[in-house]
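Worksheet: the structure to be examined is printed underneath.
The structure displayed is predicted, hence computed values, not measured ones. Start at 1 and go down the list; that is how both ligands and their atoms are numbered.
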Amino acid sequence: MKRIAVVGAGFAGAVLARELAESGEFRVDVYDQRSHVAGNCHTERDDKTGVMLHTYGPHIFNTSREDVWDYVRKWGTFEPFVNRVKAHTARGVFSLPINLLTINQFFGKSFNPREAKQFVANLGDASIHEPSNLEEQALKFLGQDLYQNFFRGYTLKQWGVDPTKLPASILQRLPIRFNYDDNYFNSRFQGIPTDGYTSIIKNILKHPAIDVWLERPFTSSDKIAYDWVFYSGPLDSWFNFHLGRLQYRSLVFERFDETGDYQGNAVVNYCDEAVPFTRISEHKHFAPWESHESTVCFREFSKLAEPDDIPYYPLRLADDKELLGKYVELADKERGVTFIGRLATYRYLDMHVVIAESLDLAKLLLENVGDSSAWPTFSVRPQ
Ligand code: UDP
């Protein structure tokens, strides 16, 4: 049997480890430097209150791929959950994503969908043809008022740079709706695991051909013991930051406990630049099927990741992309390693995308079991 190391026990690594182990062709060692599996999706029950905490921030599972939805539900049950985010702005609290209720309440109107569409189209900046950055994307489709109140402040806090320096694609994640649908996601399937994400990932990793090694960092020099390594840590870290550091945003969570219901919703975004945090999450509302007297909330602050901080969001500014290109060239010269997941491919990825990519990659690997020259350097090539 071939010996495989998987570095990182988040979704990218766990799904791949399982698929390889099940083929009967491989023995898989999964390494993680943390004391738990599940990466940034990790959930744990709070000792004090019994509330299930999303330790590294809110995770709401959503996908339109039926195979991915079927896959995750093999490892535990999911409860129905629809993410309905609220926006706290300088002009009051509104519904997100921007929808007919938001437009009517924000502008004091009673539009129907057709009227609202026309109204917002007139607000948009028609002189922008191909939006080349986040600000232009917002101005083209929404105009100054909505951009200033909902996006500019939040984006400045979240990314720490002017929205003209960010790609338009960041905003394309958010739908704009001309009906009263306030579901934050467009996906066909959505839910939260009954027993948390860590339980799902533990179940994925429970296989006789898989060993999990926690609190065990793995570096390029450890690869000698293996036929192949699948690495889901930061790409620049694999190369000991030889060419410099790719930039990430990191998050800081400030916990506070209350009794009863603090904010009446799981997530409230604070869009005003004057408020220093980006959002408050009240974690018991991620599990409405449970009931708890106490409540645990987190104010979420965003900052540039320093070397000792946990990397969350790839920043992907022009300099980062140039450096990324150089690391990709280095990676292409490596033998016996495939880079997988959000950190190693330096992309802003949701859980369901990572799972889909690992399932797709496993299929390709297993179709080429005897021919590792067909095994790719990246699950999906970073750009
Ligand atoms: N965004 C914003 N205001 C909001 C919500 C989102 O300006 O109230 C922008 C912001 O730039 C953010 C992006 O839209 O980074 C994507 O938001 P999403 O909620 O998908 O971010 P995530 O939940 O992944 O942090």
Side-chain angles (χ1 to χ4, degrees), residues 39-41 54 56-63 81-99 101-103 106 131 133-139 141-177 182-187 190 192 247-253 263 265-275 277-281 283 286 298-305 310-317 342-343 347-354:
N40 282 0
C41 313
H54 296 215
Y56 303 95
H59 283 77
I60 297 102
F61 196 86
N62 67 98
T63 181
F81 184 88
V82 177
N83 196 22
R84 302 186 197 281
V85 179
K86 299 292 172 273
H88 193 288
T89 76
R91 286 181 29 187
V93 177
F94 298 97
S95 168
L96 281 182
I98 290 181
N99 63 69
L101 187 64
T102 323
I103 296 162
F106 187 77
N133 59 58
L134 191 153
E135 179 168 291
E136 286 184 6
Q137 171 82 12
L139 292 178
F141 291 105
L142 299 169
Q144 280 289 355
D145 237 5
L146 291 169
Y147 169 59
Q148 292 292 343
N149 280 280
F150 290 90
F151 297 110
R152 186 172 161 81
Y154 188 98
T155 298
L156 267 169
K157 291 188 285 184
Q158 168 71 6
W159 296 98
V161 291
D162 196 87
T164 52
K165 299 218 165 56
L166 293 164
S169 60
I170 291 182
L171 265 204
Q172 286 156 2
R173 294 167 55 83
L174 295 186
I176 296 161
R177 302 213 186 90
D182 63 351
N183 185 346
Y184 203 67
F185 302 116
N186 275 331
S187 308
Q190 188 171 174
I192 290 188
Q247 297 190 96
Y248 280 90
R249 297 298 289 176
S250 188
L251 299 175
V252 174
F253 296 99
Q263 63 179 13
N265 201 38
V267 181
V268 177
N269 287 358
Y270 283 75
C271 302
D272 192 351
E273 198 188 339
V275 179
F277 44 88
T278 52
R279 53 187 178 183
I280 297 181
S281 310
H283 287 213
F286 290 121
F298 293 89
R299 290 187 194 93
E300 190 171 323
F301 300 81
S302 169
K303 67 187 284 263
L304 190 68
I310 295 170
Y312 284 79
Y313 299 89
L315 196 46
R316 296 182 58 83
L317 300 182
R342 181 175 49 95
L343 299 175
R347 290 172 306 144
Y348 187 177
L349 298 179
D350 291 336
M351 293 179 283
H352 63 285
V353 179
V354 165

(request) With the side chain counted from C-beta on, respond yes when Leu317 and Leu166 share a heavy-atom pair under 4.5 Å apart, and no when they do not. (result)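 When only atoms from C-beta onward are counted, Leu166 and Leu317 do touch, with a gap below 4.5 Å.
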
(message) In the structure I gave you, are the side-chain heavy atoms of Leu96 and Lys86 within less than 4.5 Å of one another anywhere?
(response)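 Contact flag for Leu96/Lys86 side chains = no.
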
(message) Any donor-acceptor pair under 3.5 Å linking the side-chain atoms of Gln190 with those of Asn183?
(response)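 Indeed, the side chains of Asn183 and Gln190 share at least one donor-acceptor pair under 3.5 Å.
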
(message) In this structure, is the centre-to-centre distance between the rings of Phe253 and Phe301 below 6.0 Å?
(response)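 Centroid separation for Phe301 and Phe253: 6.0 Å or greater.
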
Relative to ligand 1, is [X] under 4.0 angstrom through side chain, backbone, both or neither, heavy atoms considered?
| X | answer |
| --- | --- |
| Arg279 | side chain |
| Trp159 | side chain |
| Leu174 | side chain |

Top protein contact for [atom], by heavy-atom distance:
| atom | value |
| --- | --- |
| atom 20 (O) of ligand 1 | Arg173 NE, 2.8 Å |
| atom 18 (P) of ligand 1 | Tyr184 OH, 3.7 Å |
| atom 24 (O) of ligand 1 | Tyr348 OH, 2.6 Å |
| atom 4 (C) of ligand 1 | Asn269 ND2, 3.4 Å |
| atom 3 (N) of ligand 1 | Phe150 O, 2.9 Å |
| atom 1 (N) of ligand 1 | Tyr154 CD2, 3.6 Å |

Contact atoms of ligand 1, heavy-atom distance to [X] under 4.0 Å:
| X | answer |
| --- | --- |
| Cys271 | 8 (O) |
| Gln158 | 15 (O) |
| Thr155 | 7 (O), 9 (C), 10 (C), 11 (O) |
| Leu171 | 9 (C), 14 (O) |
| Tyr313 | 22 (P), 24 (O), 25 (O) |
| Leu96 | 8 (O) |
| Ile170 | 11 (O), 13 (C), 15 (O), 16 (C) |

(message) Tell me whether Arg173 forms a cation-pi arrangement with Tyr348, defined as NZ or CZ under 6.0 Å from the six-membered ring centre and within 45 degrees of its axis.
(response)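 The answer is yes; both the distance and angle limits are met.
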
(message) Can you see whether Tyr184 has Arg84 sitting over its ring - NZ or CZ less than 6.0 Å from the centre and within 45° of the normal?
(response)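 Geometry flag: not set, cation outside 6.0 Å or 45°.
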
(request) Give me the one residue out of Phe94, Tyr270, Phe150 that meets ring pair (Phe, Tyr, Trp, His ring centres under 6.0 Å) with His88. (result)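 Among Phe94, Tyr270, Phe150, the one that satisfies the ring pair (Phe, Tyr, Trp, His ring centres under 6.0 Å) with His88 is Tyr270.
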
(request) Classify the angle between the aromatic ring planes of Trp159 and Tyr313 as parallel (below 30°), tilted (30 to 60°) or perpendicular (above 60°). (result)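 Rings of Trp159 and Tyr313: perpendicular, over 60°.
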
(message) Once you measure the plane-to-plane angle for Tyr312 and Tyr56, does it fall in the parallel (<30°), tilted (30-60°) or perpendicular (>60°) bin?
(response)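 Plane angle between 30° and 60°, so tilted.
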
(request) Verify, without hydrogens or angle tests, whether Asp350 (side chain) and His352 (backbone) share a donor-acceptor contact under 3.5 angstrom. (result)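 Answer holds: no.
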
(message) Using a 3.5 Å cut-off on N or O atoms only, is Leu134 in polar contact with ligand 1?
(response)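 For ligand 1, there is no N or O atom that lies under 3.5 Å from one belonging to Leu134.
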
(message) So, 4.0 Å and heavy atoms of Ala87: is ligand 1 close enough to count as a contact?
(response)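 In this structure, Ala87 fails to qualify as a contact of ligand 1 - no heavy atom is under 4.0 Å.
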
(message) Any carboxylate oxygen within less than 4.0 angstrom of a Lys/Arg side-chain nitrogen, looking at Arg152 and Asp162?
(response)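 Result for this pair is yes, salt bridge flagged.
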
